[in-house]
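See below for the structure under consideration.
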Amino acid sequence: MRIVSWNINSVRLRENLVLKLMKELDPDIICLQETKCPNNQFPEKAFAKAGFSHIAKNGIKGYHGVATLSKHAIIESDIVDYCGKGDGRHIAVTVKSGKTAKPVTVHNFYVPAGGDEPDPDINEKFAHKLAFLGEMQNRFKKLKKLGKAAGQVLLGDLNIAPGEHDVWSSKQLKNVVSHTAVEIAELAKVQAAAQWDDVARRFVPPEEKLYSWWSYRARDWAASDRGRRLDHIWVTPDLSPAVSDYGVLRAARGWERPSDHAPLWIDLKT
DNA sequence: ATGGTGGGCGCCCCA
């Protein structure tokens, strides 16, 4: 089973790029973030026609919003309202890909970007980001305690590039929101809460640069290559051996009228 | 040191 995560930055504007992605990667599940689309305006028909007839969405007019498209039946879906704001920043689906396959639960997240100033006392957006990560920690700690932290995937735009080689210059970005020590520590606590495995770094050596986002503001994003790895796919330990491949479709950043994020994917033997 | 671009929505927010 191939699972994709992609911050699409408006699903209505880039419906054609989602269809292109379907052709290029032939995934089973696609998790979108920043759909910026109310549920009743979501382009379901076009996606169903392409084979993705099972869709779970948590959309908000104008801002953020997540949606998960599946070729296989969604047997359960669940939305958690982080920080009590009514935002569209999480949706979970449970999918069973065949009669003998074990069900897999996929958590699709869009963590708040956090604004410009990395100080929660003067920047409420940064405070929101830290609070959101705190709620993620509690949620997955509880899940672990209940013995239910298995058969799960956590992915999405987490808006944090934790490692030295997850950014083009760790030194120059150390005070830039997305790469500050406090965020990286909070993200590590989320990861520890259910012993999530960051599969990316098993397939791409930690000392190799790896990005999933490049700013729109660069004159030539590919030439300057000042990227950040803001998007992640994690799995619970029981699924680690089942992950057979991982990749970032960097080419999609160069498609016509692109998102500023590239899609990333894993192959999972179920 | 600064400002650069791109979305949605409606005279300005967010990334």
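No experiment lies behind these values; they were computed from the predicted model shown. Worth knowing before you read on, the calculation uses all heavy atoms, side chains too, and leaves out hydrogens, waters and symmetry mates. Just so it is clear: chains get the letters A, B, ... in the order the sequence lines come, proteins before strands, and each one is counted from 1.
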- Message: Can you confirm if the aromatic rings of A:H107 and A:H90 lie within a centre distance of less than 6.0 Å?
- Response: yes
- Under the side-chain contact (heavy atoms from CB on, under 4.5 Å) rule, what do A:T180 and A:F126 come out as? Steps first, then yes or no, please. CA-CA 11 Å; A:T180 65; A:F126 196 68; 3.9 Å; yes
- Identify whether the distance between the nearest side-chain nitrogen and carboxylate oxygen of A:K85 and A:D87 falls below 4.0 Å. no
- In plain terms, say whether A:D231 and A:R253 are close enough for a salt bridge, that is, a side-chain N and a carboxylate O under 4.0 Å apart. no
- Query: Tell me, do A:V80 and A:E135 make a side-chain contact under 4.5 Å, heavy atoms counted?
  - Reply: no
- Taking the side chain as C-beta and beyond, is there a heavy-atom pair between A:K125 and A:E117 under 4.5 Å? no
What is the distance, rounded to the nearest whole Å, between atom [atom1] of [X] and atom [atom2] of [N]?
| X | N | atom1 | atom2 | result |
| --- | --- | --- | --- | --- |
| A:D260 | B:dG7 | CG | P | 9 Å |
| A:Y63 | B:dG6 | OH | C1' | 15 Å |
| A:I8 | B:dG6 | CD1 | P | 16 Å |
| A:W213 | B:dT5 | CH2 | P | 14 Å |
| A:N9 | B:dG6 | CG | P | 11 Å |
| A:L13 | B:dA15 | CG | C1' | 15 Å |
| A:K36 | B:dC13 | NZ | P | 15 Å |
| A:E34 | B:dG7 | CD | P | 11 Å |

- Task: Looking at every strand, decide which applies to A:R219 at a 4.0 Å heavy-atom threshold: base, sugar-phosphate, or nothing.
- Result: nothing
- Rounded distance in Å between the C1' positions of B:dC14 and B:dC9: 11 Å
- When the C1' atoms of B:dG4 and B:dA15 are considered, how many whole Å apart are they? 14 Å
- Message: Closest-nucleotide mapping onto DNA chain B: is A:R89 or A:A218 further toward the 5' terminus? I mean the 5' end.
- Response: A:A218
- Task: Using heavy atoms to find the nearest nucleotide of DNA chain B for A:I60 and A:N159 separately, return the residue whose nucleotide is more 5′.
- Result: A:I60
- Task: Go ahead and write out DNA chain B as dot-bracket, 5' to 3': ( ) for pairs within the strand, [ ] for ones crossing earlier pairs, | when the partner sits on another strand, dots for unpaired; Watson-Crick or G-U wobble, both distances under 3.5 Å.
- Result: ....((((...))))
- Message: If you only use heavy atoms from C-beta on, which nucleotide in B:dA15, B:dG10, B:dC13 is closest to the side chain of A:K61?
- Response: B:dG10
- Message: If the cut-off is 4.0 Å, is A:R12 near the phosphate of B:dG8, judged by side-chain N/O to OP1 or OP2?
- Response: no
- Without hydrogens or angle criteria, can the side chains of A:H72 and A:D28 be said to hold a donor-acceptor pair below 3.5 Å? yes
